[in-house]
Number of protein chains: 2
Amino acid sequence: MKRSEIDDSALELIASRFRLLAEPMRLKILHALGDVEMNVGELVAATGANQANISKHLAILLEAGVVSRRKDGLRANYRVTDESIFALCDVVCSRLERQLDLHREALATIRQI
Amino acid sequence: MKRSEIDDSALELIASRFRLLAEPMRLKILHALGDVEMNVGELVAATGANQANISKHLAILLEAGVVSRRKDGLRANYRVTDESIFALCDVVCSRLERQLDLHREALATIRQI
DNA sequence: TTACTATATAACGATATAGTGATATAGTCA
DNA sequence: TGACTATATCACTATATCGTTATATAGTAA
């Protein structure tokens, strides 16, 4: 298979994975969750967002297999089950920090002129 | 800083990074590029996409610092400068493969019943 | 039963952005 | 100069999806 030939459905699959994390509110939810279990109400409080909105994002994350859901009476408890999420965020954050460092250096150099 | 308190602008920055990769056509471009330099026409041929579309995606990738641009006469040559992109794709692909394996196993188990 | 609570979902408007055709721009060559 | 080529950009349509309000659903408790 040439580099140029890659299955479109595979590309869509990968893209959809990135699309999951391309939303600040979903990142906020995942960050709030960390490695602990939280119910919807707690996530609403932690994020300051609308309950319907949180439920919708959780449904999306659940559908994608990023979180699991455990029903307990009226409460729905969510937990991150896909640790690779955090690895992805680490790579992105490292890259962003490095990029900012480079910009800082460039500015410092210009200032000397 | 509590887990729940994270700067919204930081979240937006991280999300925008993932948004870059949340588009199949951009993934296709990056995959075609790999570690070689290609001009727009070559990328149009490699992806089978519209020239205007490729140029727009390249502008987005350039603005984000993922690729660099080297003008040579009429040609514009692009090259991936942000290797972390490939690390991200690796993580995602590994995760997707694992997820498919799990589904396969689950199906095999059910079939035995 | 009724009242209450937690969560999910439907419906909607607003916004963002992908893809496309037409055109502008700039370099090359006769 | 004029014709041609490669790329960028404009204007537009179509589509996706976020956030919100209202409502449905299901469990709890009196």
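All chains are named by letter (A, B, ...) in the order of the sequence lines, taking the proteins before the strands, and each is independently numbered beginning at 1. These values consider heavy atoms only, across backbone and side chains, with no hydrogens, waters or symmetry-generated copies.
- Side-chain atoms of Leu27(B) and Leu21(B), non-hydrogen and from C-beta on, do get closer than 4.5 Å to each other.
- Protein atom CG of Leu61(B) is 15 Å distant from nucleotide atom C1' of dA8(D), rounded to whole Å.
- At the heavy-atom level, Leu43(B) lies nowhere under 4.0 Å from the strands shown.
- For the segment residues 51-59 of chain A, the set of residues with a heavy atom within less than 4.0 Å of an atom of DNA chain D comprises Ala52(A), Asn53(A), Lys56(A), His57(A), in numerical order.
- Taking atom CZ of Arg26(B) as the reference point, atom C1' of dG19(C) lies 12 Å away to the nearest angstrom.
- Taking atom CG of Leu21(A) as the reference point, atom P of dT17(D) lies 15 Å away to the nearest angstrom.
- Among all heavy-atom pairs drawn from Ala49(A) and Ile54(A), the shortest one is CB-CD1, 3.8 Å.
- Straight-line distance from the CG atom of Asn50(B) to the C1' atom of dT23(C): 14 Å, rounded to whole Å.
- Dashed line: the shortest gap from a side-chain N or O of Arg69(B) to OP1 or OP2 of dA8(D) is under 4.0 Å.
- An OP1 or OP2 oxygen of dA8(C) is reached within less than 4.0 angstrom by a side-chain nitrogen or oxygen of Tyr78(A).
- Rounding to whole angstrom units, CZ of residue Arg70(A) and C1' of dA6(C) are separated by 15 Å.
- Protein atom CZ of Arg19(B) is 13 Å distant from nucleotide atom C1' of dA16(D), rounded to whole Å.
- Within the helix from dT1(C)-dA30(D) to dA30(C)-dT1(D), the inter-axis angle between the opening and closing five-pair segments is 10°, rounded to 10°.
- By the criterion of side-chain heavy atoms lying less than 4.5 angstrom apart, applied directly or through intervening Ile, Leu, Val, Met, Phe, Trp or Tyr residues, Val36(A) is grouped together with Ile6(B) in one hydrophobic cluster.
- Proximity of a side-chain donor or acceptor of Arg17(A) to a complementary backbone N or O of Cys93(B) within less than 3.5 Å is not detected.
- Protein atom CG of Leu11(A) is 15 Å distant from nucleotide atom P of dA18(C), rounded to whole Å.
- Linking ILVMFWY residues whenever their side-chain heavy atoms come closer than 4.5 Å, directly or via other members, leaves Leu74(B) and Val44(B) in distinct clusters.
- Distance from the side chain of Arg75(A) is smallest to dA6(C) among dG19(C), dA6(C), dA8(C).
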Can you check each nucleotide of nucleotides 24-30 of chain C against protein heavy atoms at under 4.0 Å and return B for base, S for sugar-phosphate only, - for none, in 5' to 3' order? --BBS--
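- Distance Glu23(B) CD to dG19(C) C1': 10 Å, rounded to the nearest Å.
- With Arg79(B) contributing its side chain and Arg69(B) its backbone, the two residues share no donor-acceptor pair below 3.5 Å.
- Toward the 5′ end of DNA chain D lies the nearest nucleotide of Val40(B), the other residue of the pair Ile60(A) and Val40(B) mapping further downstream.
- Put simply, the side chain of Glu97(B) never gets that close to the backbone of Ser94(B): no donor and acceptor are under 3.5 Å apart.
- Under the 3.5 Å distance criterion, the side-chain polar atoms of Ser84(A) are left unmatched by any main-chain donor or acceptor of Val92(B).
- Under the 4.5 Å side-chain contact rule for hydrophobic residues, Leu11(B) and Leu100(A) do not share a cluster.
- When all heavy atoms of Met38(B) and Ala32(B) are compared, the pair lying nearest together is SD-O, 3.5 Å.
- Val67(A) and Leu102(B) fall into different hydrophobic clusters, where Ile, Leu, Val, Met, Phe, Trp and Tyr residues are linked whenever their side-chain heavy atoms come under 4.5 Å apart, directly or through other members.
- With distances taken from any side-chain atom of Ala76(B) to the nucleotides dG19(D), dA8(C), dA8(D), the minimum falls on dA8(D).
- Under the 3.5 Å distance criterion, with hydrogens and angles disregarded, a donor-acceptor pair is assigned to the side chains of Gln51(B) and Ser55(B).
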